[in-house]
Amino acid sequence: MIRSELVQRLSDEHRTLSPREVETIVSTFFDEITGRLAEGGRVEIRGFGAFSTRPRDARTGRNPRTGETVDVDAKRVPYFKPGKEMRARLNV
């Protein structure tokens, strides 16, 4: 499911909200998660899962096109751990 499908589905299920209002809600939701992760925080949604970041060490990589070695800086990457209820629903 892509973002526009999510907005459309929520608009269909909640007729009292306009598609523009639903888009604002969805955007705010994702912006808050992204902002919290950017601050180094964690976002936990009970029954769904937890979003966090994990560090990646600096390393020497390789350009696949040329084979040339390149230095890759250390960085943080997003990580999602599904909750117990989600894992149970997926493995029925």
Side-chain angles (χ1 to χ4, degrees):
M1 175 180 286
I2 60 174
R3 185 185 188 117
S4 60
E5 292 171 340
L6 175 63
V7 170
Q8 184 61 48
R9 193 162 192 182
L10 289 172
S11 294
D12 292 345
E13 291 181 18
H14 301 280
R15 297 265 183 214
T16 59
L17 297 173
S18 71
R20 177 170 273 149
E21 291 171 323
V22 173
E23 173 63 37
T24 301
I25 292 167
V26 169
S27 292
T28 302
F29 181 76
F30 289 132
D31 290 344
E32 289 298 317
I33 291 173
T34 304
R36 185 68 170 168
L37 294 176
E39 295 170 356
R42 180 174 188 261
V43 177
E44 182 177 333
I45 302 170
R46 298 285 171 150
F48 183 72
F51 297 92
S52 61
T53 58
R54 290 197 168 171
R56 290 258 173 99
D57 294 333
R59 62 185 174 85
T60 300
R62 187 181 63 83
N63 181 332
R65 185 172 293 172
T66 64
E68 179 183 344
T69 60
V70 291
D71 291 330
V72 179
D73 295 333
K75 58 186 170 185
R76 291 185 308 159
V77 294
Y79 176 75
F80 175 74
K81 181 177 179 186
K84 184 177 180 181
E85 291 176 34
M86 178 186 279
R87 287 192 310 269
R89 285 186 68 180
L90 293 176
N91 294 303
V92 171

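Keep in mind it's a predicted model, so treat the numbers as computed, not measured.
- The shortest side-chain heavy-atom distance between V70 and T60 does not fall under the 4.5 Å cut-off.
- Judged purely by atom type and a 3.5 angstrom limit, R56 has no side-chain atom pairing as donor or acceptor with the backbone of V77.
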For a quick test of your reading: what N or O donor-acceptor pairs under 3.5 Å do the side chains of residues 32-49 make, sequence neighbours left out?
from, atom 1, to, atom 2, distance (Å)
T34, OG1, F30, O, 2.9
R42, NH1, E44, OE1, 3.0
E44, OE2, R46, NE, 3.1

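- For R89, the CZ atom sits in a loose shell: 12 or fewer heavy atoms of surrounding residues, nucleotides or ligands are nearer than 6.0 Å.
- By the criterion of side-chain heavy atoms lying less than 4.5 angstrom apart, applied directly or through intervening Ile, Leu, Val, Met, Phe, Trp or Tyr residues, Y79 is not grouped with L90; the two fall into different hydrophobic clusters.
- With 3.5 Å as the limit, one finds a donor-acceptor pair spanning the side chains of S27 and E23.
- For the pair T16 and E21, the tightest heavy-atom approach, listed with the atom from each and the gap, is O-OE1, 4.1 Å.
- Partners of T66 by side-chain contact (heavy atoms from CB on, under 4.5 Å), not counting sequence neighbours, listed by chain and number: N63, E68.
- When all heavy atoms are compared, the tightest approach of R76 to T53 is NH1-OG1, 3.8 Å.
- Counting non-hydrogen atoms of other residues, nucleotides and ligands closer than 6.0 Å to CZ of R9 gives a total of 12 or fewer.
- V7 and P19 get closest at one heavy-atom pair: CG1-O, 3.9 Å.
- The shortest side-chain heavy-atom distance between I25 and L10 does not fall under the 4.5 Å cut-off.
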